Each structure stands twice: as C-alpha cells, then as structure tokens.
Amino acid sequence: MLFVKHLARLRDSLWIEWRIALRFLADNPLQTLLISVAISVGAAVIVFITALIMGLQSNVINKTLGTQAHIQIEATRQHNNVSAMTHDKYLWVLESPRAQRLQTINNWQEVRDALDSYGALHGVLNTVSPLISGPAFAQKGAARASVALMGIDPTRYSGIINLNHYLQSGHFSVGAGDVLIGSQLAKDLGLGAGDKLRLDAGNNQQSVLNVAGIFELGVRELDGRYVYMSLKQAQTLLDLPGGVTILELKINDVFAAEYWAQRLTQLTGLYVESWMESNGQLLNALSSQSMTTQMIRVFVALSVIFGIASVLAVSVVQRTREIGILRAMGGSQQQILRVFLLQGGLLGLAGSLLGVLVGFLLVQLFNSLAASLFIIRLEPSMMLSAISIATVAGVIAAAVPARRAAKYDPAVAIRYV
C-alpha cells in the first residue's frame, strides 16, 4: 500500500515538473524556437550525412562485389621444403618463392557438396560455384591478346555473377563451342557476336570457338581479359581433365567474409581468400568513411550540448525569483534539478524531430535529383539514432545549469532582482 502511495506521489510530482518545464520554455518562445532550429539543423546533418555515406558505401560494395565472389577457395599453395635441424644447430636459408603452377583442387566435388550442406545447415552460404581459370592467347587474324579462360557451371555461376545482366549483344551460351567475351577484348580484336575466335592455351591445345555474346562488367581489366566457356571446354584447353582450380562462394553477410574464410581454411585445409583480403585498399576507404561519419556525429552532438547549455544557463539567471519561490513553497533540490533536465531533454527532442523530418526531405530530394548516381535508403535506425543523440545531448547539456539552479538559497533567490 505504501509502495502504491509512493508511486502516486512520484507521478504527481513528475506531472508538476513537466508543466513547469513547459511553462519556462513557453515564456521565451523566440529563444526556444532559435535553439530548436539550431538542434534541428544538427539532427538533419546527422541523418543526411549518415544516409549519404552509407548509400555511397553500399553502392561501392555492390559494384565491387557484383563482379567477384565473396570467398575463393584454391588448392594449397606450393612452398619450398627445408630439412629439419637439430636443436643445437642453426640454419640460414636464402630462398626464392616457389612458382605456383596451375593446379586443381583434389576431390573438388566432395568439397563442393560438403560446403553446400554446411551452408544450408548454418544459413551462411548462398552459392558455391566451381570454376577453372587459366591463361591463354586469343587470336583473330593478326591480332592477339592475352586472356583468362573462365570455365563455369552456368547454373551455379549465376549466383556469383549474373552474366545475362551484363550482356551487351548476342545471347548467353557457354556450351557446344560457344563463348562469351568482354567488350574491351571484342574491341581489341575486332570481334562481334557470331564471329569466330581462336584460343591457344599452350601445350598444343588450340580451339576455334564461336562468340555467342559480348558482356561488359564495368571493370576494364575484366572486360579486356575474361573469356567465359563451359567447364569441359576449359578443362580440355588447359589440359586439366575433370578438374577445377577455384571454388567461388557468396555469403549472406559480406562483412563476415574474413571470419568465414578463416573457418573454411580450418575445415578444408585449402587456400581460402576473402574479398576483404584481396580488396584491402577498398576496405580501408570504407573504414575511413565510417570514421568520418562518427566524427561528424560527435561534433554535431557537441554543438547541440553547448547550444542548449548556454540557453539554459541564461534561463537559470532569468528564472532566479521563480526558482526561489518554488523552493520556498516546498520544492526540493531534486525537483528543481529535474525541471531543468526536462527542459534540456524537451529541447533536444523537439529539435531532433524537426531535424529528422528535414533530413528525410533532403534524402528524398537527393534521390529525385541524383538517382542516376545511387539511391540513398533512410533506415529507421538512422532516424532513431539522431533523435537519441540530440535528446541525450540535451539532458547532458542541462546538467550544469540544473545543478546551479537546484543549489539556490530560497531566501536569497526571492530577493533577486
């Protein structure tokens, strides 16, 4: 019963403090409006800049990973063997790295099936696609170019790169003597869909194939070197019957690629590389962008804190008599403290709500004017984050003026003019 009465008194006290805080804010509408606008600008900056940078990062990742696998599994790298020495002797070795010859993955079908089962069990993998890749020369007439043969399983490889989406001319076909070539390679050799292309992979392995289609991945190096064909055609040209050199994987969470690459290294004993390892510079750039976003948030929060603190500091001076009267009528220091903390929180909340609305409008404006570049997606978490930052900053900013107001002596405060 006592607990219920205590809750009722607390509710009534908070209601009174809430009304007093609103009254103090309403007595200076211009001052309240100006600080709310300043806070809304900060919140709008947080929302728009965060959405812009995340949209830019998403666009870069999609363009980069749209033309490559998240994880690649290859045969174990070859290395030089050094004889073991006894513990009481030292061996100084000067060696050159061993050349890596083209080699296939042992029992790749079993590895592929095991990865399929593992991915289905843990809900991690989207696609496991076998690939045989090796160098060759492409020739048409007197024109020659160094190319990379890419033998694929069309059904599985569509989960890695959907080549149909990148076709410029011709049609998708990588079987029965048909190949796909990049647009840059087609320009270099003067080829079009339906033309014949001679491929020479060395070891007396040559073949004349039909160019069924021309693709453009948007990466000059890939468009100038890749020649897609069926697994069997590539195995014949590279003299690797029945083998594949790479297993390519796509996973659900692209930023977990390095973690799963390490796990798969332990599971398979093969050489595993993630896109995060092969694109280190890109990852550093993304990390720098994320750090920039965090710094912007910090500085905006500081500006909000100093703005609210200055307004409430002036409010404390202006409300000295009112504070003294409240204390004389039985108001406790904790109640006066909560009144000014509520003011800070209300200023932060009101300004952030307006700022989130402005940020949302800025995002829509960007999407309508710059849709050809990339689309910004405004997540609810971004808006909640901006509101939370501004509200908490408002409460923190009100702490010092609130403590000063709570410590006023009632008798001295009432005589204040």
Side-chain angles (χ1 to χ4, degrees), residues 54-73 112 115-116 119 124-133 138 145 147-189 191-195 197 209-234 244-255 257 274-276 278-279 282 286 367 370-377:
M54 291 188 67
L56 178 60
Q57 289 180 342
S58 178
N59 180 64
V60 171
I61 290 173
N62 289 337
K63 286 187 176 298
T64 301
L65 300 185
T67 56
Q68 68 179 83
H70 298 161
I71 298 174
Q72 286 192 337
I73 300 177
R112 178 201 60 194
L115 290 174
D116 282 337
V124 176
L125 303 178
N126 280 335
T127 305
V128 180
S129 178
L131 171 70
I132 179 167
S133 176
V147 298
L149 303 182
M150 307 290 286
I152 62 173
D153 176 347
T155 303
R156 285 181 174 267
Y157 196 75
S158 62
I160 304 294
I161 302 177
N162 185 3
L163 292 174
N164 272 307
H165 179 71
Y166 296 99
L167 278 182
Q168 274 193 332
S169 61
H171 62 281
F172 181 85
S173 177
V174 292
D178 289 339
V179 296
L180 302 176
I181 65 173
S183 57
Q184 187 60 44
L185 180 61
K187 291 179 183 177
D188 293 341
L189 298 182
L191 290 168
D195 290 344
L197 172 67
L209 303 170
N210 177 59
V211 178
I214 298 175
F215 62 84
E216 183 172 359
L217 297 176
V219 181
R220 184 181 180 87
E221 182 182 356
L222 305 185
D223 292 335
R225 297 194 67 236
Y226 277 10
V227 176
Y228 284 103
M229 58 183 58
S230 68
L231 276 176
K232 290 185 178 180
Q233 287 174 338
V244 301
T245 57
I246 300 173
L247 287 173
E248 293 193 327
L249 288 73
K250 279 222 168 182
I251 61 177
N252 296 326
D253 183 3
V254 295
F255 290 105
S274 70
W275 74 269
M276 303 174 79
S278 58
N279 295 275
L282 172 62
L286 295 177
N367 287 339
S372 59
L373 298 176
F374 57 90
I375 298 296
I376 296 179
R377 301 192 184 280

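It should be emphasised that the depicted structure is a prediction, and the values quoted were computed from it without experimental measurement.
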Side chain to side chain contact (heavy atoms under 4.5 Å, CB included) between R225 and L185, worked out: CA-CA 6 Å; R225 297 194 67 236; L185 180 61; over 6 Å; no
Intermediate values then yes/no, side chain to side chain contact (heavy atoms under 4.5 Å, CB included), I181 and V147: CA-CA 10 Å; I181 65 173; V147 298; over 6 Å; no
Audit row: L189, D195, side chain to side chain contact (heavy atoms under 4.5 Å, CB included) steps and yes/no: CA-CA 11 Å; L189 298 182; D195 290 344; over 6 Å; no
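A heavy-atom distance below 4.5 Å is found between the side chains of Y228 and I161. The shortest distance between side-chain heavy atoms of D223 and F215 falls below 4.5 Å. Contact check for L180 versus L167: side-chain heavy atoms found under the 4.5 Å cut-off.
Of all heavy-atom pairs spanning I160 and S129, the tightest one is CG1-CB, 3.8 Å. Taking every heavy atom of both residues into account, P154 and V174 meet most closely at CG-CG2, 3.4 Å. Across all non-hydrogen atoms, the minimal contact from G159 to T127 is CA-OG1, 3.5 Å. Contact between S230 and G175 at its shortest, heavy atoms only, is CB-CA, 4.3 Å. Residue I214 comes nearest to S183 through the heavy atom pair CG2-CA, 3.6 Å, listed as atom of the first residue, atom of the second, then distance. Pairing each heavy atom of I246 with each of S133, the nearest pair is CD1-CB, 4.5 Å.
With respect to the salt-bridge test (charged N to carboxylate O, under 4.0 angstrom), the residues D153 and R112 do not qualify.
Atom-to-atom distance recorded for E216:CD and S169:OG is 10.5 Å, nearest 0.5 angstrom. Put simply, NZ on K232 and CD1 on I132 are 13.0 Å apart, with the number rounded to the nearest 0.5 Å.
Under a cut-off of 6.0 angstrom, the local environment of CD in E221 is sparse, with at most 12 non-hydrogen atoms contributed by other residues, nucleotides or ligands.
Taking the six-membered ring where the residue is Trp, W275 and F255 present perpendicular rings, their angle passing 60° and hence far from 30°.
A side chain to side chain donor-acceptor pair (under 3.5 Å) with E248 is found for one member of H70, Q68, Q72 and no other, namely Q72. Just one of I152, I73, L231, T245 meets the side chain to side chain contact (heavy atoms under 4.5 Å, CB included) condition when paired with P130; it is L231.
With hydrogens and angles disregarded, a donor-acceptor distance shorter than 3.5 Å links the side chain of N367 to the backbone of I376.
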